[in-house]
Amino acid sequence: MKSVDEHLDEIMAVVRPLGGLDLTLPDAHGCVLVEDVTSTFPLPPFDNSAMDGYAVRAVDVAQASESSPVVLPVVGDVAAGSTSPYTVQPGLCVRIMTGAPMPPGADTVVPLEDTDGGLAQVAIRSSPAPGSCVRLAGEDAQPGTLVLAAGTHLGATQLGLLAAVGRDRVVVRPRPRVVVLSTGSELVEPGQPLSRGQIPDSNSALLTAAALEAGAIAYRVGIVPDDPRLLADTLEDQLIRADVIVTSGGVSVGAYDVVKEVLSRVGTVKFDRIAMQPGMPQGFGTIGPEQVPFFGLPGNPVSSYVSFEVFVRPALRRMLGVEPISRPVIRARVSESVRSPLGRRSYLRGWLSVEQGAYTVRPVGGSGSHLIASLAASNALIVVPEASTEVEAGAAVTVMMLERRQQ
Ligand code: AMP
Ligand code: MG
């Protein structure tokens, strides 16, 4: 059997970050920048008021106080977005709103709260220092400043900055497009009636969502019966829109293990036994003229999911160019003893919580790889190394955290 690390290394040696694509800001959300972004104009673009108030010359209000206000005539209003032509001559002022351009001549804004709010003339009760409440052009970024470097992961705040510097498109690594299909003649679309021997296809829903959570675009193709011809045709059709293909089922040694039958003859795909539980049978390689990475995951839902987390997610993250490629791993105390087969790395379902300031993980459900109910009640995988067969209650274990955040 091949080790988990060996298999993952082989996968990571094949997958490459996707090439840059010019995308609109919403489409670039969650992606990694491929270009350096510099500002072409100052940020803010012009001197403007930080408050609603009155634009003045500081010297004109230097003597103002609560007990002896200075009264100035108001020559007009400047609103945000205004192109008003007012200039503040000595001894005069302009009523100004937050974000409005500073009128020439004025160097200071007196906040509305420090005045009587007058329209024709205003009584000013404070003497702010010159430059108060004025946001200077370029104080956030001068023209030509590198505002976001290539390699930056674009979250909400970075998209805001891109918009602020006037960008509507950026070159990023696009989200990999993942085609997900389930093989199995026993499978039925969820919601459809079941005859004896049939089960709903849960893997394509699970793997599509997991791919989205990993940052990919996922296409759920759904069910392909265990028919070599149909599978080959479906793969052929889907290759055109795929950066990655993920199938579930049909990779072990059963008589109708159609993925193994068809894919063994295609591209570089190999079927291996990996020293892990669940998830022992795995198919991986590249197919089609574009050498699209192909993952043939085992059919049991827990095996499929664990295989996705251990092998597919890191590959998708590598394609996106984002770190970390794997889920966060921490050490926690296990609340009950757990067992694991010698020579295999086990991934057991668990519930991770913080108790008295320390991570504790409680095993959830049995080790059967069909137990999707206990999988859905877990937020972590307890990782028991190959050499251990038992971990005592209270001992420290490695835990993979499965936060359900999309990025
Ligand atoms: P296989 O890997 O095709 O031998 O399937 C192993 C087990 O997983 C069988 O019990 C299948 O019925 C089950 N299985 C396979 N594919 C799915 C699926 N898409 N949804 C739910 N169960 C599945
Ligand atoms: Mg099957």
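Just so it is clear, the structure is predicted and the values come from calculations on it, not from any experiment. In listed order, ligands and their atoms are each counted from 1.
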Identity of the nearest option to atom 9 (C) of ligand 1, non-hydrogen atoms only, from Glu186, His370, Lys260: Glu186
No-hydrogen, no-angle side-chain donor-acceptor test under 3.5 Å, Thr234 and Asp237: no
For atom 23 (C) of ligand 1, closest protein heavy-atom neighbour: Gly299 O, 3.4 Å
Contact partition for Ile199 relative to ligand 1, non-hydrogen atoms under 4.0 Å: side chain
Check: Arg362 side chain, Ser335 main-chain N or O, donor-acceptor pair, under 3.5 Å: no
Phe284: ring pair (Phe, Tyr, Trp, His ring centres under 6.0 Å) partners, not counting sequence neighbours: Phe295
Ser182 contact mode with ligand 1 (heavy-atom cut-off under 4.0 Å): side chain
Cation-aromatic face contact Arg333/Tyr359, 6.0 Å, 45 degrees: no
Which residue and heavy atom of the protein sit nearest atom 18 (C) of ligand 1, plus the separation: Asn203 ND2, 3.2 Å
Enumerated ligand 1 atoms positioned under 4.0 Å from heavy atoms of Asp201: 18 (C), 19 (N), 20 (N)
Heavy-atom nearest option to atom 6 (C) of ligand 1, drawn from Val302, Val253, Asn300: Asn300
Enumerated ligand 1 atoms positioned under 4.0 Å from heavy atoms of Gly250: 1 (P), 2 (O), 3 (O)
Protein heavy atom at shortest distance from atom 20 (N) of ligand 1: Ser202 N, 3.0 Å
Donor-acceptor contact below 3.5 Å, side chain Asn203 vs main chain Ser182: no
